[in-house]
Amino acid sequence: MTFEFLWTDKCFLTLLALSILVILSSLRKQHIRRSFSIILHKPLAVSAGIILLFFIIIGVLDSIHVASVRNESETATTVLDRILAPIDQISEKTYSAPLALTQFISETTLVNGVVKQTYPLLIYPGQWVKTEAERNKVIKGSIRTALKFSILAAFFIGMALLFIRSLRRLEPLFALSASSLSTIITIGVLTFFIVLGYELSRVFHVFGTGQIGQDIFYFTIKSIRTGLVIGLLTTLFMLPLALFLGVAAGYFGGFTDDLIQYAYTTLSSIPGVLLITASVLSLQVYIANHPEQFTTLAQSADARLLALCFILGVTSWTSLCRLLRAETLKLREVDYVQAARALGSNWFTIIRKHLLPNVMHIVVITLVLDFSFLVMAEALLSYVGVGVSPMTISWGNMINSARFELARNPVIWWPMLAAFVFMFLLVLAINLFADAVRDAFDPHQSHI
């Protein structure tokens with residue numbers, strides 16, 4: 001057993017590790033600790049942060065590929081695939097509803113010389129459950145198991161928080177704050193749904209199956225990594241351009257400012273969808289003409305995902321660059337910058353010590369707010385056919401396939417609903433957490 005990493009895996013995991021190191025190193029500063037303390041005292045922000053942490057853990061598990069030999073051939077699966085197995089390997093004939101025992105679409109069969117319309121039993125649930133009574137019994141048992149785990153998780157988290165309060169000598173001992181109660185409730189509810197979904201997935205297709213019999217629950221969970229990669233790697237490509245060019249335009253002014261303004265104004269005038277479409281089509285031609293560089297379908301799909309992140313980063317840095325330019329124009333006239341210039345400090349020292357620290361709140365706020373936009377941008381681009389590769393599992397591809405299923409009679413509604421619910425939870429959690437980050441790190445906000 002060996003570990004394998006695609007390019008997006010390496011970039012995603014490296015960016016997460018660097019982010020953790022930056023956060024830990026910044027906690028040495030008092031004002032940073034105070035800002036994080038403000039976030040931790042907001043119940044909604046704490047709940048949103050816990051949900052985001054769950055999504056990130058799923059993304060990390062899905063970014064670690066393990067190569068193994070199966071049937072005399074080497075295959076690479078992720079840690080998440082092994083946790084969710086065997087639902088990634090079992091495929092039904094066609095559609096089935098959530099938690100169903102039979103196909104959603106009937107088949108014509110000949111029984112004792114009589115033609116009848118029947119609903120065949122599914123392969124996966126049929127291994128364990130064959131009747132409605134057995135199905136209800138399994139569902140009730142899964143709910144009881146999930147409740148036990150959620151109560152235990154909430155209890156241990158509550159005890160841990162009380163222990164921390166006792167160490168800090170906070171009085172009264174058993175009077176938990178609103179953020180602590182929010183933490184306990186959120187972890188309890190999240191544990192309930194995680195355990196319930198996992199237990200049910202051992203027997204049923206939790207969210208049903210798609211047109212070719214694929215498990216929708218598996219596809220929905222796997223799409224989390226794609227959404228996170230789009231948001232984080234696009235930020236990685238966008239940030240250096242916006243930060244360097246925005247601060248340089250504001251500080252130096254003159255010809256440098258005019259040149260940078262011309263560059264981002266010209267780029268903003270080009271329709272983003274057309275630029276992305278042209279870039280993606282060019283990449284497809286390159287992949288087709290150089291098959292030796294992309295030996296597997298996974299590598300070609302990964303290359304297209306990485307290219308899409310790069311393209312989105314190149315086309316979305318202009319708004320942050322404008323904000324940083326405007327803030328730098330104001331900061332270069334303040335007294336401490338003028339004093340540093342009068343004392344002989346060079347431009348690099350002034351930018352590094354005086355300008356960058358005072359524009360970072362804008363960077364943090366903008367990046368967190370743009371993250372949710374990028375997640376939805378992937379869904380939109382995949383919907384119109386210029387997003388990630390069809391081989392890549394993503395919410396955009398699920399929605400693109402589901403739009404045809406909504407026109408069927410009867411309606412196939414569960415693929416669209418599953419993708420919508422998970423994307424809604426991720427975007428909502430990001431927006432709630434972004435509000436707390438904005439309030440905590442914006443120096444113009446008054447903190448009591």
Side-chain angles (χ1 to χ4, degrees), residues 1-24 52-70 73-85 87-89 214 218-240 279-280 283-284 286-287 290-314 367 371 374-375 377-379 381-382 387-398 419 422-423 426 430:
M1 183 180 68
T2 59
F3 293 101
E4 293 184 358
F5 296 95
L6 301 173
W7 276 106
T8 53
D9 298 331
K10 297 175 183 178
C11 295
F12 177 64
L13 295 175
T14 302
L15 185 58
L16 281 181
L18 291 176
S19 301
I20 293 172
L21 290 176
V22 169
I23 292 173
L24 292 178
L52 281 178
L53 181 61
F54 164 72
F55 279 108
I56 291 173
I57 292 174
I58 294 294
V60 171
L61 293 176
D62 201 23
S63 298
I64 303 175
H65 289 77
V66 181
S68 59
V69 178
R70 180 184 299 171
S73 63
E74 186 173 344
T75 59
T77 57
T78 66
V79 176
L80 182 64
D81 291 333
R82 299 197 170 200
I83 294 174
L84 296 177
I87 61 175
D88 60 324
Q89 303 166 9
Q214 75 275 22
Y218 172 76
F219 271 52
T220 306
I221 298 297
K222 290 280 288 184
S223 299
I224 293 175
R225 175 188 175 272
T226 305
L228 292 175
V229 166
I230 290 287
L232 291 177
L233 295 193
T234 301
T235 299
L236 176 66
F237 294 129
M238 174 183 68
L239 182 58
S279 302
V280 170
L283 177 67
Q284 288 179 342
Y286 180 83
I287 293 175
H290 299 81
E292 69 280 358
Q293 298 182 15
F294 309 96
T295 56
T296 63
L297 292 175
Q299 290 180 354
S300 62
D302 183 73
R304 179 165 170 176
L305 176 59
L306 187 63
L308 180 63
C309 295
F310 177 76
I311 296 163
L312 286 173
V314 170
L367 292 183
F371 189 94
L374 294 171
V375 173
E378 182 275 325
L381 293 172
S382 298
V388 298
S389 168
M391 297 297 299
T392 302
I393 301 175
S394 72
W395 291 317
N397 283 335
M398 290 179 64
F422 273 75
M423 188 166 62
L426 178 59
I430 291 171

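In this text the structure is predicted, and so the values were computed from the model without any measurement. Just so it is clear, the values below take in all heavy atoms, side chains as well, and ignore hydrogens, waters and symmetry mates.
Side chains of Met398 and Trp395 form a contact here, defined as non-hydrogen atoms less than 4.5 Å apart. In this structure, Leu52 and Leu426 have side chains that are in contact, with non-hydrogen atoms separated by less than 4.5 Å. Looking only at side-chain heavy atoms (C-beta outward), Ile230 and Leu305 come within less than 4.5 Å of each other.
Under a 3.5 Å cut-off, the side chain of Asn397 and the backbone N or O of Thr392 do form a donor-acceptor pair.
Counting all heavy atoms, side chain and backbone alike, Leu15 lies closest to Leu232 at CD2-O, 3.2 Å. Across every non-hydrogen atom of Leu228 and Gly59, the tightest pair is CD1-CA, 4.1 Å. Heavy-atom minimum distance, Lys10 versus Phe5: CE-O, 3.5 Å. Taking every heavy atom of both residues into account, Asp9 and Ser63 meet most closely at CG-O, 3.2 Å. What you find for Phe55 and Phe422 is that their closest heavy atoms are CZ-O, 4.0 Å.
The side-chain hydrogen bond (donor to acceptor under 3.5 Å, both in side chains) check on Ser300 picks up nothing, with sequence neighbours excluded. With sequence neighbours excluded, the residues satisfying ring pair (Phe, Tyr, Trp, His ring centres under 6.0 Å) with Phe237 are Phe310.
None of Thr8, Asp62, Thr78 except one satisfies the side chain to side chain donor-acceptor pair (under 3.5 Å) rule with Arg225; the exception is Thr8.
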